[in-house]
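Residue numbers start at 1 and run along the sequence shown.
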Amino acid sequence: NSGFRLDTFQSNMVSVRFGTRFQVTDADDCDLHIGLGIYDASMAASESANHISFRLVDGDGNLDIRTGKASTYQTADSLIAVADATMVRAWFEFTPTSGNTDSGTLAYTIHSNGSRIKADRLTLTNSFPDAVIIYPFIQFQNGAASADVCKVDWIYAAALRANYVEGTG
């Protein structure tokens with residue numbers, strides 16, 4: 001698809017949704033960013049200026065949510081400890097505040113090995129990447145000489161406008 005730019009939607013925008021199901025063979029020995037954003041940098045080398053992603057950082061093994069708009073970042077650290085070779089299903093839904101598409105509520109749910117582990121809400125303040133066209137992306141970097149692997153079962157991304165009428169294109 002050609003991505004979307006949230007600030008060009010009408011002010012009655014309902015939500016942005018993203019979900020994924022993935023597995024890494026060694027959770028604390030890799031960098032993984034999976035979400036929505038622009039392709040302006042390697043996420044492992046230097047973070048993209050505009051993105052929202054679930055991430056694993058080499059040496060940590062905990063799943064975070066990281067948002068960035070024009071290099072202003074907001075992070076929810078260590079949401080869950082990711083077990084090696086275990087499927088993780090992660091969802092978020094961003095609902096902007098009225099008339100302000102870069103701030104709002106980010107609801108998220110994380111499942112591991114088929115069980116719901118964490119669900120909560122975050123308040124984002126001027127950190128959702130609304131002024132650029134964002135696309136689904138996956139970036140994975142192995143942190144060791146051994147062949148760590150990331151398996152992505154599926155990703156889902158949707159931006160829903162409140163004034164959309166089924167069948168109108």
Side-chain angles (χ1 to χ4, degrees), residues 1-6 14-69 71-95 104-122 124 127-130 132-160:
N1 97 16
S2 58
F4 66 91
R5 183 173 167 164
L6 193 57
V14 175
S15 65
V16 174
R17 296 183 186 122
F18 179 83
T20 184
R21 185 171 182 253
F22 68 92
Q23 176 186 65
V24 292
T25 54
D26 194 344
D28 65 351
D29 200 22
C30 66
D31 289 292
L32 171 67
H33 297 265
I34 185 166
L36 301 169
I38 64 172
Y39 297 102
D40 67 347
S42 162
M43 296 290 278
S46 64
E47 190 167 11
S48 170
N50 296 279
H51 74 281
I52 179 165
S53 64
F54 293 103
R55 76 172 184 178
L56 289 170
V57 178
D58 188 14
D60 183 19
N62 293 311
L63 190 67
D64 308 329
I65 294 177
R66 179 90 161 154
T67 65
K69 177 187 176 181
S71 298
T72 298
Y73 300 104
Q74 193 170 337
T75 306
D77 282 320
S78 302
L79 301 175
I80 68 164
V82 176
D84 295 346
T86 301
M87 281 293 190
V88 174
R89 187 175 69 215
W91 284 93
F92 70 71
E93 180 174 356
F94 174 70
T95 305
T105 302
L106 183 75
Y108 67 88
T109 304
I110 302 169
H111 292 76
S112 180
N113 208 24
S115 298
R116 183 171 155 173
I117 304 297
K118 180 104 175 172
D120 206 350
R121 295 180 183 278
L122 305 170
L124 299 185
S127 64
F128 190 88
D130 67 330
V132 293
I133 298 172
I134 56 177
Y135 305 87
F137 71 87
I138 302 168
Q139 290 188 341
F140 175 75
Q141 180 173 320
N142 184 6
S146 62
D148 293 331
V149 176
C150 175
K151 298 176 186 175
V152 178
D153 188 29
W154 52 263
I155 63 170
Y156 172 87
L160 179 67

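When all heavy atoms are compared, the tightest approach of Ala27 to Asp84 is N-OD1, 2.8 Å. Smallest separation of non-hydrogen atoms from Pro136 and Ala157: CG-CB, 4.1 Å. Here the closest non-hydrogen pair linking Leu124 and Gln74 is CA-OE1, 3.5 Å.
Residue Ser78 holds its OG atom at 5.5 Å from CG of Asp64, rounded to the nearest 0.5 Å. Note that the CD1 atom of Ile155 and the OG1 atom of Thr20 stand 6.5 Å from one another [nearest 0.5 Å]. With rounding to the nearest 0.5 Å, the separation of CZ in Arg17 from CD in Glu93 is 4.5 Å. Taking CD of Gln139 as the reference point, atom OG of Ser48 lies at 8.0 Å (rounded to 0.5 Å). Within the model, atoms CG of Asp29 and CG of Asn142 stand 6.5 Å from one another, a figure rounded to the nearest 0.5 Å. In this structure, Asp77 CG and Leu63 CG are separated by 10.5 Å, a value rounded to the nearest 0.5 Å.
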Verify side chain to side chain donor-acceptor pair (under 3.5 Å) between Arg66 and Thr75, making sure each step is shown before the conclusion. CA-CA 5 Å; Arg66 179 90 161 154; Thr75 306; 2.3 Å; yes

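In this view, Phe128 and Phe94 satisfy the ring pair (Phe, Tyr, Trp, His ring centres under 6.0 Å) rule, not counting sequence neighbours. The side-chain contact (heavy atoms from CB on, under 4.5 Å) check on Thr72 picks up nothing, with sequence neighbours excluded.
Taking 4.5 Å as the limit, some side-chain heavy atom of Ile52 sits within range of a side-chain heavy atom of Leu106. Between Val152 and Phe140 the shortest side-chain heavy-atom distance does not fall below 4.5 Å. Taking 4.5 Å as the limit, some side-chain heavy atom of Val57 sits within range of a side-chain heavy atom of Asp31. Counting only heavy atoms from C-beta outward, the side chains of Phe54 and Ile65 approach each other to under 4.5 Å. You'll find the side chain of Phe92 stays beyond 4.5 Å of the side chain of Leu122, heavy atoms only. Considering only heavy atoms from C-beta on, Ile134 comes within 4.5 Å of Ile38 through its side chain. With contacts defined as side-chain heavy-atom distances shorter than 4.5 Å, the pair Asp58/Cys30 does not qualify. Considering only heavy atoms from C-beta on, Val16 stays 4.5 Å or farther from Phe18 through its side chain.
Looking at Gln23, its side chain does come within 3.5 Å of a backbone N or O of Ala85 through a donor-acceptor pair. A donor-acceptor contact shorter than 3.5 Å is absent between the side chain of Asn50 and the backbone of Lys69. In this structure, Asp148 contributes its side chain and Thr25 its backbone to no donor-acceptor pair below 3.5 Å.
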Could you list the donor-acceptor pairs under 3.5 angstrom formed between side-chain atoms of residues 109-119 and any protein atom two or more places apart in sequence or on another chain?
| unit_1 | atom_1 | unit_2 | atom_2 | d |
| --- | --- | --- | --- | --- |
| His111 | ND1 | Arg89 | NH2 | 3.2 |
| His111 | NE2 | Arg89 | NH2 | 3.1 |

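Taking the six-membered ring where the residue is Trp, His51 and Phe137 present perpendicular rings, their angle passing 60° and hence far from 30°.
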